[in-house]
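The structure under discussion appears below in the form of structure tokens.
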Amino acid sequence: MTKQTRLASPKPGILFDELLVVMVQQGDQKALSRLHKRWDARLIRAAYRYTGDRELARDLAQECWIGIWKGIGSLRDPERFRSYAFAILHRRGATHLSKSIRERDKAATAEPEEAQATAQDDALALQQAFASLPPDQRLAAHLHFVEGLTLREIAEVNDIPLGTAKSRLFHARRLLKAALSPFQKETTHE
């Protein structure tokens with residue numbers, strides 16, 4: 001894709017984020033506040049996808065902002081802020097989140113299966129399907145389906161090869177489809 005093609009169809013939100021990043025790099029604290037306001041909820045939502053815990057997600061997003069603030073001056077391409085922010089979130093929380101997820105998954109398997117079977121609405125079924133994914137696939141699915149990142153950006157966030165990002169997303173789709181299939185059958189037969 002040529003630079004002219006890329007510039008022909010810019011997304012206003014992405015351009016605004018780029019401008020804010022440049023302003024932050026020049027020392028504008030109001031721009032940092034504005035960037036935080038635009039991105040904090042997205043980072044919390046992404047953190048919640050892997051933690052399943054709202055307080056832990058908020059703490060993780062706060063840690064992410066510390067990393068963003070410390071490193072934004074070295075971000076060479078403001079256009080890459082989106083993948084830069086999610087990469088920091090991933091790095092900051094990977095170890096802690098993996099431990100928390102394992103603990104939660106152990107607790108979830110101890111719960112009666114009937115509690116899961118009573119889930120009736122789409123949002124709850126989707127949340128449960130996401131929760132059942134392995135952490136690396138959960139992150140890839142969230143970044144792709146919720147945040148709209150490309151496979152290349154997902155690979156960059158996770159510091160993995162493009163093929164690995166494709167594989168994680170492929171397996172996540174397969175598992176999500178399998179997890180949601182029984183729910184879809186129940187709702188179409190009622």
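Quick note: residue numbers are just sequence positions, from 1.
Considering every non-hydrogen atom in both Cys64 and Leu89, the closest pair reads SG-N, 3.6 Å. Across every non-hydrogen atom of Pro78 and Val21, the tightest pair is CB-CG1, 3.8 Å. The two residues Ala141 and Leu133 have their closest heavy-atom pair at CB-CD1, 4.2 Å. Considering all non-hydrogen atoms of both residues, Gln25 and Ile72 come closest at NE2-O, 2.8 Å. Nearest heavy atom pair, residue His90 against residue Val157, reads CD2-O, 3.9 Å. Scanning all heavy atoms of the two residues, the minimum distance from Glu147 to Arg82 falls at O-NH1, 3.6 Å.
A donor-acceptor contact shorter than 3.5 Å links the side chain of Tyr84 to the backbone of Gly71. In this structure, the side chain of Arg138 engages the main chain of Ala131 through a donor-acceptor pair within 3.5 Å.
Transitive grouping of hydrophobic side chains (ILVMFWY, heavy atoms separated by less than 4.5 Å) brings Leu75 and Leu32 into a common cluster. Residues Leu35 and Leu149 share a hydrophobic cluster, clusters being chains of Ile/Leu/Val/Met/Phe/Trp/Tyr side chains in contact below 4.5 Å. Linking ILVMFWY residues whenever their side-chain heavy atoms come closer than 4.5 Å, directly or via other members, places Leu175 and Leu151 in the same cluster. By the criterion of side-chain heavy atoms lying less than 4.5 angstrom apart, applied directly or through intervening Ile, Leu, Val, Met, Phe, Trp or Tyr residues, Val24 is not grouped with Val22; the two fall into different hydrophobic clusters. When hydrophobic clusters are built by joining Ile, Leu, Val, Met, Phe, Trp and Tyr residues whose side-chain heavy atoms come closer than 4.5 Å, directly or via intermediates, Ile14 is not grouped with Trp39.
For CZ of Arg45, the number of neighbouring non-hydrogen atoms (other residues, nucleotides, ligands) closer than 6.0 Å is greater than 12. Other residues, nucleotides and ligands contribute over 12 non-hydrogen atoms within 6.0 Å of the CZ atom of Arg174.
Relative to the six-membered ring of Phe130, Arg49 meets both conditions, a distance below 6.0 Å and an angle of at most 45° to the axis. Judged by the 6.0 Å and 45° rule, Arg38 forms no cation-pi pair with Phe16.
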**Request:** Please assess Asp59 against Gln62 for the test side-chain contact (heavy atoms from CB on, under 4.5 Å), listing each intermediate value before the final yes or no.
**Result:** CA-CA 5 Å; Asp59 292 345; Gln62 182 108 8; 5.6 Å; no
**Message:** Under the criterion side-chain contact (heavy atoms from CB on, under 4.5 Å), I'd like the reasoning laid out for Ile66 against Glu63: C-alpha separation, chi angles, the key distance, then a yes or no.
**Reply:** CA-CA 5 Å; Ile66 292 169; Glu63 285 291 317; 4.2 Å; yes
**Request:** With side-chain contact (heavy atoms from CB on, under 4.5 Å) as the test, would you mind laying out the steps for Phe81 and Glu18 before giving the verdict?
**Result:** CA-CA 7 Å; Phe81 176 77; Glu18 287 177 44; over 6 Å; no
**Request:** Starting from the C-alpha separation in whole Å, work towards a yes-or-no answer on side-chain contact (heavy atoms from CB on, under 4.5 Å) for Leu19 and Leu15.
**Result:** CA-CA 6 Å; Leu19 175 64; Leu15 289 176; over 6 Å; no
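To the nearest 0.5 Å, atom CG of residue Asn158 and atom CZ of residue Phe86 are 11.5 Å apart.
Ion pairing between Glu156 and Arg80 holds under the 4.0 Å rule for side-chain N and carboxylate O.
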